[in-house]
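What follows is a short report on a single structure.
These values consider heavy atoms only, across backbone and side chains, with no hydrogens, waters or symmetry-generated copies. Counting from 1, the numbers follow the sequence of the chain as shown.
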Amino acid sequence: MIIDTDVIIWELKGNIKAQKIIHENIPFKISVVTYIELLQGMKDKKEMGKFIKQLAKWNVGILQLD
């Protein structure tokens with residue numbers, strides 16, 4: 001399954017429906033565009049590090065576009 005930016009943001013903010021979608025579809029994929037959008041929204045390097053670790057826990061694959 002490919003998960004969109006909004007679903008990941010909602011999950012990180014504690015939305016129950018988004019959490020269910022994420023956890024029922026592990027491992028899932030995101031596009032490189034989603035990955036970049038999420039990184040651009042990070043406040044600082046500490047938040048970015050936490051986010052990257054979370055992606056690893058979820059075993060997220062990043063789809064390249066061509």
Could you state the interatomic distance from [atom1] ([X]) to [atom2] ([Y]), rounded to the nearest 0.5 Å?
{"X": "K17", "Y": "I22", "atom1": "NZ", "atom2": "CD1", "value": "15.0 Å"}
{"X": "K53", "Y": "K57", "atom1": "NZ", "atom2": "NZ", "value": "8.5 Å"}
{"X": "E37", "Y": "I9", "atom1": "CD", "atom2": "CD1", "value": "7.5 Å"}
{"X": "I3", "Y": "I30", "atom1": "CD1", "atom2": "CD1", "value": "9.5 Å"}
{"X": "I8", "Y": "N15", "atom1": "CD1", "atom2": "CG", "value": "13.0 Å"}
{"X": "M42", "Y": "Q40", "atom1": "CE", "atom2": "CD", "value": "10.5 Å"}

Can [Y] be reached from [X] by stepping across I, L, V, M, F, W or Y side chains whose heavy atoms are under 4.5 Å apart?
{"X": "V60", "Y": "M1", "result": "yes"}
{"X": "L39", "Y": "L63", "result": "no"}
{"X": "I26", "Y": "Y35", "result": "yes"}
{"X": "W10", "Y": "I2", "result": "no"}

What are the two closest non-hydrogen atoms of [X] and [Y], and how far apart are they?
{"X": "G14", "Y": "Q19", "result": "CA-NE2, 3.4 Å"}
{"X": "N59", "Y": "P27", "result": "O-CB, 3.3 Å"}
{"X": "E11", "Y": "A18", "result": "N-CB, 3.5 Å"}

Report task. Verify, without hydrogens or angle tests, whether N25 (side chain) and F28 (backbone) share a donor-acceptor contact under 3.5 angstrom. Result ->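 Not confirmed, N25 side chain does not pair with F28 backbone.
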
